[in-house]
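Notes follow once the structure below has been shown.
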Amino acid sequence: MDISVAIDGPAGAGKSTIAKIIGEKFNLMYINTGAMYRAVTLKAMNANITEKNVDDLVKLVESLEMHFEEERLFVNNEDLTDMINMPIISNNVSKYATVAEIREILVKLQQNIAKKFNVIMDGRDIGTVVLKDATFKFYLTASNDQRARRRYDELLSKAIDVDYDTILNDIIKRDYIDTHREVNPLTKAKDAIEIDSSALSINGVVETISTYINSNTKNIQHSL
Ligand code: DC
């Protein structure tokens, strides 16, 4: 049976960790759409193109071939996964992600991947725009403090020097931009299941999602 899973939610809610595990469990290709916006940000910053220079941004994005290999993002055959997760990219990506022309190109690319493969995609507009007809939609949240704490621990474990308050403020700022932009803002799809992971372990969230998919997949199969 063809299935697709959409996972949306704010920064640091645990979307990518959960999506990777669920992807393996249910044999779905994991597509991290945030990585695509991050790659555009990295390339644009390297080329000194600001988010206001839309013509040059569009030319730049059209020159990028993006694909995933085992959850790593390759852009024009270069693995950018580590670079795009640096704090400088996190702090600038929301600005570039507000540009409608860029979103249009990336959304099409994401939809084309989903036409070819059974996917689990995480991002901000997956259940509302990219995969409006996804078989399953989840909206993952957690308290600001939990999300900042997780990002802080993750960066420390990669030996990236960070300060907790800076991370917390960056997350709050990024959420504001992501939820208030004009085009495809972050919002819960009406038919998405909301999961607050503040008090749940990774296993707890995986269990909740897996149970939901398993019981509803049976229902879908029965009704065929
Ligand atoms: O998931 P992430 O933190 O890596 O996403 C980085 C940024 O990209 C996020 O702040 C907003 C943007 N984004 C988006 O606008 N739409 C998506 N589908 C995914 C990410």
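Both counts, for ligands and for their atoms, begin at 1 and track the order of listing.
Among all non-hydrogen protein atoms, the one lying nearest atom 18 (N) of ligand 1 is Asp125 OD1, 2.8 Å. What sits closest to atom 1 (O) of ligand 1 on the protein, heavy atoms only, is Arg124 NH1, 3.0 Å. At the shortest separation from atom 19 (C) of ligand 1 among protein heavy atoms lies Thr33 OG1, 3.3 Å. Of the protein's heavy atoms, Gly34 CA, 3.5 Å lies nearest to atom 20 (C) of ligand 1.
Considering both main-chain and side-chain atoms, Tyr37 never comes within under 3.5 Å of ligand 1 through any nitrogen or oxygen pair. Of the N or O atoms in Arg151, none lie within a sub-3.5 Å distance of an N or O in ligand 1. Among the atoms of Lys15, none of the N or O lies under 3.5 angstrom from an N or O of ligand 1. Every N/O-N/O distance between Asp122 and ligand 1 stays at or above 3.5 Å.
Between the side chains of Asn46 and Lys43, not a single donor N or O lies within less than 3.5 Å of an accepting N or O. Side-chain contact check for Ser198 and Asp196: at least one donor-acceptor pair (N or O, by modelled atom type) lies under 3.5 Å. No donor-acceptor contact under 3.5 angstrom links the side chains of Arg38 and Thr81, judged on distance only. Remark: the Ser94 side chain and the Asp178 side chain contain an N/O donor-acceptor pair separated by less than 3.5 Å.
Near Arg181, the atoms of ligand 1 lying under 4.0 angstrom from a non-hydrogen atom of the residue are 14 (C), 15 (O), 16 (N). Residue contact check: Ala97 has heavy atoms under 4.0 Å from atoms 12 (C), 15 (O) of ligand 1. Heavy-atom proximity to Ser94, at under 4.0 Å, picks out these atoms of ligand 1: 10 (O). Which parts of ligand 1 touch Gly123 is read off a 4.0 Å heavy-atom cut-off, strictly below it: atoms 17 (C), 18 (N), 19 (C).
Ring geometry for His67 against Phe74 counts as parallel: the plane angle stays under 30°, on a 0 to 90° scale with 60° as the upper cut.
Within 6.0 Å of OH in Tyr164 there are more than 12 heavy atoms belonging to other residues, nucleotides or ligands.
Applying the ring-ring contact (aromatic ring centres under 6.0 Å, His included) rule to pairs touching residues 5-48 yields nothing, sequence neighbours excluded.
Residue contact annotation: Arg103 has a non-hydrogen atom under 4.0 Å from ligand 1.
Under 4.0 Å from ligand 1, the heavy atoms of Arg38 that appear belong solely to its side chain. Of all the heavy atoms of Arg174, the ones lying under 4.0 Å from any atom of ligand 1 belong exclusively to the side chain.
Every residue was checked against the side-chain contact (heavy atoms from CB on, under 4.5 Å) condition with Glu182, not counting sequence neighbours, and none meets it.
Salt bridge annotation for Arg147-Asp175: present, with a cationic side-chain nitrogen under 4.0 angstrom from a carboxylate oxygen. In this structure, Arg150 does not pair ionically with Glu154, as no charged nitrogen and carboxylate oxygen lie closer than 4.0 Å.
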